[in-house]
Amino acid sequence: MILRTTAELINLHTIRHFIEDNALRLAADENTAYDLAHAVDECATNIIEHGYRGRSGTIEVEIDRVGDDMQIVLRDHAPLFDPTGVPPPDLTLPLERREPGGLGIYLARRMVDECRYQALADGNELTLIKHVKSTRPQL
Amino acid sequence: MNITIDQSAAHAGAAVLRLHGDLDGSNYLELIAAAKTAQQGGAKRLLVDLGNVPYMSSAGLVALHSSVLLFEGKQPPDPAAGWSTLKSVALNTGGKAQQLVKLLNPQPRVARTLEMSGMNVFFEIFTEEAAALASF
């Protein structure tokens with residue numbers, strides 16, 4: 001299933017529900033579906049705020065199940081940016097010495113099992129993978 | 001998201017912000033604006049009721065952080081200057097929870113987001129409104 005939408009913050013709600021509904025349809029459990037929707041929200045927010053920076057553009061979100069994995073691919077046409085290259089925050093530091101910047105990417109990476117980036121000729125492709133715990137057959 | 005500002009005298013200088021709906025990048029500025037309205041209305045402390053917030057992204061964490069700065073008497077960065085500016089403000093609590101902005105009843109998934117980000121250390125979290133208000 002693919003959702004194409006304009007890169008606007010007002011569409012975050014639609015993107016989250018697209019992911020959550022389809023993850024459940026593909027037999028992910030509720031917690032997995034929620035985590036995937038949260039991870040995609042953070043990545044999409046990052047694309048809109050840091051990628052397009054107020055310019056018009058599109059985001060494409062594709063969700064599928066591959067064996068025991070839920071696989072989500074985000075594509076955009078913003079300038080190249082590899083979020084997997086952002087170093088994780090140093091969690092050994094006391095809170096007051098941590099920088100909140102990069103929090104969204106950090107949370108997104110915590111919500112999934114794998115995160116892969118590929119630069120495209122005209123944009124970015126980010127693949128998020130989460131191992132699935134399913135208790136019922138796919139609809 | 002809908003926000004109600006409860007600034008009744010019974011709260012002894014504390015305003016309660018009651019949030020309803022998802023808190024994300026599309027509406028986190030509304031929370032900062034409501035905190036500012038409460039402060040301009042005379043509130044010295046803030047209780048944020050998250051009991052009806054089923055989802056909160058990192059944008060919500062930024063809004064909570066900015067609310068603390070506001071009640072510390074600091075000027076939060078101009079939201080129009082950009083997301084990155086808001087996020088670049090360093091926390092300065094000496095490793096302890098600050099006492100100006102407290103949280104009420106975050107749902108388990110929202111509480112998990114607070115914990116994963118380490119922000120739970122920054123905020124006192126209550127399950128009873130009366131106890132939260134009495135703690136100010």
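From a predicted model like this one, the values you see are computed outputs, not experimental measurements. Lettering follows sequence order; numbering is per chain, from 1.
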Let me have the donor-acceptor pairs involving side chains of residues 34-50 of chain B, under 3.5 Å, with sequence neighbours excluded, atom names and distances please.
unit_1, atom_1, unit_2, atom_2, d
Thr37(B), OG1, Ala33(B), O, 3.0
Gln39(B), NE2, Leu70(B), O, 2.7
Asp49(B), OD1, Gly51(B), N, 2.9

Fill in: Residue Pro54(B) versus chain A: region with a heavy atom under 4.5 Å
backbone
Worksheet item: So if you build clusters from Ile, Leu, Val, Met, Phe, Trp, Tyr with side-chain heavy-atom gaps below 4.5 Å, do Val132(A) and Val73(A) land together?
Response: no
Practice prompt. For Glu115(B), look at atom CD and say whether over 12 heavy atoms of other residues, nucleotides or ligands are found less than 6.0 Å away.
Written response: yes
Response to the item:
Applying a strict 4.5 Å limit to non-hydrogen atoms, the region of Asn31(A) in contact with chain B is both
Worksheet item: Closest approach of His38(A) and Ser58(B), non-hydrogen atoms and distance?
Response: NE2-N, 4.5 Å
Worksheet item: Any idea which heavy atoms bring Met56(B) and Tyr34(A) closest together, and the distance?
Response: N-OH, 4.3 Å
Discussion item. Arg112(B) vs Arg110(A), test: side-chain contact (heavy atoms from CB on, under 4.5 Å). Steps then yes/no.
Written reply: CA-CA 11 Å; Arg112(B) 181 166 162 253; Arg110(A) 286 280 309 267; over 6 Å; no
Worksheet item: Atom CG in Leu12(A), atom OH in Tyr55(B): separation rounded to 0.5 Å?
Response: 7.5 Å
Worksheet item: What are the two closest non-hydrogen atoms of Asp41(A) and Ser57(B), and how far apart are they?
Response: OD1-CB, 3.7 Å
Discussion item. Once rounded to the nearest 0.5 Å, what's the spacing between atom CE of Met111(A) and atom OG1 of Thr113(B)?
Written reply: 4.5 Å
Discussion item. Let me confirm one number: the CG-CG distance from Leu107(A) to Leu61(B), rounded to the nearest 0.5 Å.
Written reply: 6.5 Å
Practice prompt. Could you note down all residue pairs passing salt bridge (charged side-chain N to carboxylate O under 4.0 Å, His left out) where residues 111-121 of chain A supplies at least one of them, sequence neighbours left out?
Written response: Glu114(A)-Arg116(A)
Item to complete: Give the intermediate values and the outcome of side-chain contact (heavy atoms from CB on, under 4.5 Å) for residues Asn27(B) and His13(A).
Response: CA-CA 11 Å; Asn27(B) 57 25; His13(A) 186 264; over 6 Å; no
Worksheet item: Would one find more than 12 heavy atoms of other residues, nucleotides or ligands at under 6.0 Å from atom CD of Gln99(B)?
Response: yes
Discussion item. Starting from Ile63(A), can I reach Ile2(A) by hopping between I/L/V/M/F/W/Y residues whose side chains sit under 4.5 Å apart?
Written reply: no
Item to complete: Please check if atom CG in Leu120(A) has more than 12 non-hydrogen atoms from other residues, nucleotides or ligands closer than 6.0 Å.
Response: yes
